[in-house]
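Notes follow the structure.
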Amino acid sequence: MTITRKDFPPDFVWGSAISSYQTEGGWDADGKGKSIWDVFCATPGAVKDGDTGNIACDSYHRYKEDIHLLSELGVTAFRFSLCWPRILPNGVGEINQAGVDFYKSYMDELLRHGIKPWVTLYHWDLPQALEDKGGWQNPEIIDWFKEYCRVVHEQFGDYLHDIVLINEPSMVSFFGYGVGIHAPGIADKTSYLRSAHHVNRCIYEGYHTLKNLNPSYNVGSSFATPYIRNAHGDDDAAHIFNCLWNLNYQDPVMLGTYPEAFASEFATANPDTIHDPVKTPLDFVGLQYYGPIFCQRVEPTEMNFYGVWFTDGPESYQKNALGWSIDAEDLRRFILSFQSRYGQQTPLYITENGSPWDDAVSNGQVHDPERIAYFEDHLAILSDLTESVKGYFYWSFMDNFEWADGYHGRFGLVYVDFDSLERTPKDSFFWYKGFLAAP
Ligand code: BGC
């Protein structure tokens, strides 16, 4: 069965997504402060091939061309993130007017093309000035984040309606402060437990700050939502990995509690704030699903203190260009398990879903049949779940800087030549365009 737009309700939100550090470049342009990713990328060995987001897709200068392509694609919503240190170079205090003007022009351009901005406030580029004071480990981050929310409201309130507070708390805390694979590159158990709790607290405080300022905002937050599978039948190990990826952030925000396996550790690491509120009546939840993650027990090390880690999926699974397993049915399983744990009342949006392939331009075209098949398979699952799933944002609109993998891993609907910065829409771009345009 071929999936069509008619399999979805007319008001289903169709979009695509990117983030600031992964696409903007302009890392020191016009008064922008440094972010933790600027610093991390400059650390030898931190990112594959020493790649950096200094230029990335240069969308800071080429956003009009990008938005023109977006409008050709036919989406009506675009999820992008604000770079906090572009707006507040020191994280708090003085505002950088050039950064504010940039995002205003950006959103003017989107709106001029009939595309609604879905703005993510935090997609990992914390101002380095705040990291110098402890970053996500410091409970003061809650006040810093609230100030940032207020500034965003004051500067961009007229443009805003749909707001994603924080992109993937698991990656911010576990990858950034737990195992140190991402910026700021800290590998420490207490740092993980503190940063995770503070991210959860910021979702609560950010939500209420924004809703108090404008009750009509539609404020949600996005979670990494892999379906965790154990490779060797070790359910305890899989549960720990599921907590590190999913439950340590979803449980507090949705239920107000930490999973039993971690509750006492969170309390010990956060003695003064553990009873502060975290349960948040989000207006929507963003789910970001790429595929199942297989895990297995390993010897605990200083960098891997819980003794559970990734392992390759079985050979029977299709793998993408980064070796990740693919299984669209696990998206359904994830959504059903999420709803059985937290109920069905909160609208869900797929704020990221996509796959990297080894794309190449040939005669001005990029043939990416695997991406089209991935797209169709995942949309087919979602078409059965539209009572709760209200929108879909393909990740990514364009090839970009894939964090610790550098420029390996092309997720885009639009191919980017990272030397010439030329953009070439892939076959999947035209597939999505045709899907959206069909009556
Ligand atoms: C992140 C994106 C990233 C994507 C693919 C998500 O974890 O939000 O920034 O590019 O996954 O790895």
Side-chain angles (χ1 to χ4, degrees), residues 15-25 35-37 40-41 47-48 51-53 56-57 59 78-84 118-126 164-176 178-179 181-183 196 199 203 220-228 241 244-246 249-250 285-293 310 319-326 330-331 334 349-359 370-371 374-375 378 392-416 418 428:
S16 189
I18 55 154
S19 83
S20 46
Y21 188 75
Q22 293 179 276
T23 56
E24 280 177 7
S35 82
I36 54 174
W37 273 92
F40 188 67
C41 289
V47 173
K48 213 181 253 181
D51 288 343
T52 76
C57 309
S59 294
F78 190 49
R79 174 173 174 249
F80 64 97
S81 70
L82 303 177
C83 169
W84 184 346
W118 277 60
V119 177
T120 303
L121 299 192
Y122 186 72
H123 201 129
W124 308 353
D125 38 8
L126 186 74
V164 175
L165 291 164
I166 292 186
N167 187 71
E168 300 190 346
S170 54
M171 299 292 279
V172 175
S173 56
F174 182 45
F175 266 35
V179 289
I181 295 173
H182 278 188
V199 172
I203 292 176
S221 206
S222 287
F223 297 94
T225 53
Y227 191 72
I228 303 297
F241 221 45
L244 292 168
W245 277 96
N246 289 305
Y249 329 95
Q250 293 154 22
V285 165
L287 305 180
Q288 315 209 140
Y289 176 83
Y290 289 87
I293 287 183
F310 299 88
K319 309 285 188 315
N320 69 26
L322 289 173
W324 307 353
S325 299
I326 292 177
D330 277 354
L331 172 57
F334 184 90
Y349 288 82
I350 305 301
T351 41
E352 287 183 22
N353 172 242
S355 187
W357 300 100
D358 288 324
D359 304 315
E370 301 96 337
R371 184 171 288 104
Y374 180 99
F375 224 136
H378 288 76
Y392 178 87
F393 293 78
Y394 180 79
W395 183 273
S396 168
F397 172 59
M398 63 208 297
D399 294 342
N400 58 52
F401 175 79
E402 178 50 22
W403 306 112
D405 282 310
Y407 292 100
H408 300 268
R410 294 181 172 275
F411 283 79
L413 298 171
V414 175
Y415 183 95
V416 178
F418 291 107
S428 55

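Scope of the values below: all heavy atoms of this structure, side chains included, with no hydrogens, waters or symmetry mates. Read the numbers this way: they start at 1 and go in the same order the structure lists the ligands and their atoms. All figures in this text were calculated on a predicted structure; none of them were measured in a lab.
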### Task
May I ask you to check whether S20 and D125 show a side-chain donor-acceptor distance below 3.5 Å?
yes

### Query
Would you say S19 and ligand 1 have an N/O pair spaced under 3.5 Å apart?
no

### Query
Are the ring centres of F310 and F241 closer than 6.0 Å?
yes

### Query
Which residue supplies the protein heavy atom nearest to atom 4 (C) of ligand 1, what is that atom called, and how far is it?
Y290 OH, 3.3 Å

### Query
When the aromatic ring centroids of W118 and F393 are compared, is their separation below 6.0 Å?
yes

### Query
Have Y290 and E352 got a donor and an acceptor in their side chains that come within less than 3.5 Å?
yes

### Query
For ligand 1, which atoms, with element, lie under 4.0 Å from some heavy atom of Q288?
8 (O)

### Query
Looking at F174, W124, Y21, F40, which one forms a ring-ring contact (aromatic ring centres under 6.0 Å, His included) with H182?
W124

### Message
Geometry only, no angles: is W124 polar-contacting ligand 1 at N/O separations under 3.5 Å?
### Response
no

### Query
Hey, is ligand 1 close enough to W324 that some N/O pair sits below 3.5 Å?
no

### Message
When you compare the side chains of N353 and Y374, does any donor N or O come within less than 3.5 Å of an acceptor on the partner?
### Response
yes

### Query
Quick check: does Q22 get an N/O under 3.5 Å from an N/O on ligand 1?
yes

### Task
Please state whether the rings of F401 and W403 are parallel, tilted or perpendicular, taking 30° and 60° as the class boundaries.
perpendicular

## Note on the structure
among protein heavy atoms, the one nearest atom 5 (C) of ligand 1 is E402 OE2, 3.3 Å

### Query
Aromatic ring centroids of F175 and W245 under 6.0 Å?
yes

#### Entry: Heavy-atom nearest neighbour in the protein, as seen from atom 7 (O) of ligand 1, with distance rounded to 0.1 Å
E168 OE1, 2.5 Å

### Enumerated ligand 1 atoms positioned under 4.0 Å from heavy atoms of H123
1 (C), 2 (C), 8 (O), 9 (O)

### Task
Examine the proximity of ligand 1 to Y21 and report which part, side chain or backbone, both or neither, has a heavy atom under 4.0 Å away.
neither

### Proximity of N167 to ligand 1 by residue part, where a heavy atom lies under 4.0 Å
side chain

### Summary
Looking only at protein heavy atoms, what sits closest to atom 1 (C) of ligand 1 is E352 OE1, 3.3 Å

### Task
Would you mind running through ligand 1 and noting each atom that sits below 4.0 Å from a heavy atom of W403?
2 (C), 3 (C), 9 (O), 10 (O)

### Geometric class of the W324/F411 ring pair [parallel <30°, tilted 30-60°, perpendicular >60°]
tilted

